[in-house]
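Note that this is a predicted model, so its numbers are computed, not measured.
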Amino acid sequence: MKIGVPKETAANERRVALVPDTVGRLVKAGLEVAVEQGAGAAAAFPDDAYRSAGAGLVGTPADVFGSDVVLKVQAPSTAEVALCREGAALVAVFQPAAERDIVASLAARKVTAFSLALLPRITRAQPMDVLSSQATVAGYKAVLLAATTAGRLFPMLVTAAGTLPPARVLVLGAGVAGLQAIATARRLGAVVSAFDVRPAVKEQVESLGAKFLQLEIGEQAEAAGGYAKQLSEETHRRELAFIAQHVKDTDVVITTAAIPGKRAPILITADAVRGMKPGAVIVDLAAETGGNCEVTEPGTEVRLAGVVVLGPLNLPSTLPLHASQMYAKNISSFLLHVTRDGTLVVDFDDEIIRETCVTHAGEVRKT
Ligand code: NAD
């Protein structure tokens, strides 16, 4: 079975689906791996490293897309789908609802396409969990972005030139990205507090040395699978007022709140931003799904009343070496899960395969 790894073509995508180390493991498992020349260059994995790991280097995208299984980071483009072999498989990370045309052309081409964005968050699937690995990178980078944007230091310093108090950081949404943001801000010496609608995270927040801000939610905020549910209007109103109070004396806010399949909830209104200290920084990690802050503009920096609001897109791609390394581990675990003795086994009785398979045998299975 031949595995193809193309160079990513989406704008600002520096990651690669397999790194030399994982290529070596797949080759040892009996798979043939073809990597497009320069595929890992932007993530600091040179062609020679892939060659030494046992991959074949190919010069044109057509040669990789002709493989039995194509491994990608981003959804393929229309031109890339056209290069796929009929009956081949493709694994990437995308929301089918946001890629309707691509999904239709994958089905028309009879490609068996899997999206790891749909992976169930079950223990068995943890080694394949790209959402967690990439959210970890994003949570870390969000704090670094805030630290380089803020005009202040994070740690408390006692110097001959005076004493500097530590930065006060608030993390809204304490899932995978939020917990990593808390840990990173703590390592930089900030005083950190966090809020989430799921009461279960209180213990995790506190175990990282942060304070958990308690709001009486008064309704079930946790859905199946450990995800958050959309709050009722009344509870959301109370949440907005609660957050507006807490952001007033905060230097940095990192927001990560998400509800699967829905627009990100607004947690910080424009009025709440106006109530913050000049020089404060908000990093809105939910910018891609609409933003947690009312004034966020995806991909740009907004200034309101002296507060800087950043809405970065695709943060994992800005740390491509480790993001690719973790992604490669995840996607190769998935690949080994869907193959037996060198052939693809699409067994819809298996929850992981059933939930991630977007197209198969000409049919669209997830919309
Ligand atoms: P996510 O990206 O869907 O959301 C981020 C956080 O935002 C969540 O903690 C959520 O509760 C919070 N949130 C949503 N609405 C909010 C609001 N109005 N106000 C404040 N916070 C709000 O979450 P995630 O990081 O993908 O994690 C989701 C769940 O999956 C968690 O329970 C996590 O522990 C679980 N998980 C399980 C596994 C596993 O394999 N068992 C792996 C990874 C994550």
Side-chain angles (χ1 to χ4, degrees), residues 1-11 13 15 17-18 61-62 64-122 124-125 128-132 134-135 223-225 227 229-230 258-264 288-290 313-314 327 330-340 343-367:
M1 176 184 253
K2 188 168 151 194
I3 311 302
V5 180
K7 186 171 161 51
E8 294 294 317
T9 49
E13 184 51 77
R15 291 170 295 172
L18 287 185
V64 247
F65 280 98
S67 303
D68 301 307
V69 183
V70 176
L71 301 182
K72 276 191 92 307
V73 176
Q74 299 275 352
S77 65
T78 314
E80 288 170 340
V81 175
L83 294 175
C84 287
R85 209 169 40 68
E86 235 181 59
L90 179 139
V91 189
V93 179
F94 57 94
Q95 291 296 345
E99 304 284 353
R100 285 188 203 286
D101 293 349
I102 294 294
V103 169
S105 48
L106 283 164
R109 194 111 196 112
K110 298 198 170 55
V111 173
T112 299
F114 298 95
S115 172
L116 297 184
L118 309 177
L119 196 76
R121 309 299 275 281
I122 54 176
R124 204 159 57 86
M128 314 165 201
D129 190 349
V130 293
L131 295 182
S132 288
Q134 305 305 294
Y227 287 109
K229 280 205 314 211
Q230 201 161 9
I259 297 164
K262 296 219 155 48
R263 187 212 182 282
E288 268 163 68
T289 50
L313 300 175
N314 197 2
Y327 186 90
N330 297 144
I331 202 168
S332 55
S333 298
F334 181 81
L335 178 70
L336 294 174
H337 184 75
V338 292
T339 50
R340 290 226 214 317
T343 36
L344 190 74
V345 181
V346 187
D347 171 9
F348 290 123
D349 287 337
D350 179 275
E351 185 184 0
I352 294 175
I353 294 176
R354 187 172 63 244
E355 292 306 320
T356 53
C357 186
V358 177
T359 59
H360 179 63
E363 208 189 309
V364 175
R365 298 177 51 87
K366 302 277 171 193
T367 50

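- Of all heavy-atom pairs between Arg121 and Leu131, the closest is NH1-CD1, 3.9 Å.
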Identify all side-chain donor-acceptor contacts of residues 355-367 below 3.5 Å with residues at least two apart in sequence or on another chain.
from   : atom 1 : to     : atom 2 : distance (Å)
Glu355 : OE1    : Lys366 : NZ     : 3.4
Thr356 : OG1    : Ile352 : O      : 2.7
Thr356 : OG1    : Ile353 : O      : 3.4
Thr359 : OG1    : Val111 : O      : 2.8
Thr359 : OG1    : Ala113 : N      : 3.2
His360 : ND1    : Thr112 : OG1    : 2.9

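- The heavy-atom pair separating Arg124 from Asp350 by the smallest distance is NH1-OD2, 3.3 Å.
- The side-chain heavy atoms of Ile102 and Phe94, taken from C-beta on, include no pair separated by under 4.5 Å.
- Here the shortest heavy-atom pairing between Gly290 and Arg263 reads O-NH2, 2.6 Å.
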Sequence neighbours left out, cut at 3.5 Å: what donor-acceptor pairs do the side chains of residues 72-84 make with other protein atoms?
from  : atom 1 : to    : atom 2 : distance (Å)
Lys72 : NZ     : Glu8  : OE1    : 2.9
Lys72 : NZ     : Gln74 : O      : 3.2
Gln74 : NE2    : Glu13 : OE1    : 2.6
Ser77 : OG     : Glu80 : N      : 3.1
Glu80 : OE1    : Ser77 : N      : 2.9
Glu80 : OE2    : Thr9  : OG1    : 2.8

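- Within the 3.5 Å criterion, the main-chain N or O of Met128 finds no donor-acceptor partner in the side chain of Ser333.
- Residue pairs that meet the salt bridge (Lys or Arg N to Asp or Glu O under 4.0 Å) test with at least one member in residues 84-101, sequence neighbours left out, are Asp68-Arg85.
- Val70 is not listed as a side-chain neighbour of Val64, based on a closest heavy-atom distance of 4.5 Å or more.
- Salt-bridge check for Arg340 with Asp347: failed, with every basic side-chain N at 4.0 Å or more from each acidic carboxylate O.
- Residues Ser67 and Ala88 share a closest heavy-atom pair of O-CB, 3.6 Å.
- With values rounded to the nearest 0.5 angstrom, Leu106 atom CG is found 6.0 Å from Leu90 atom CG.
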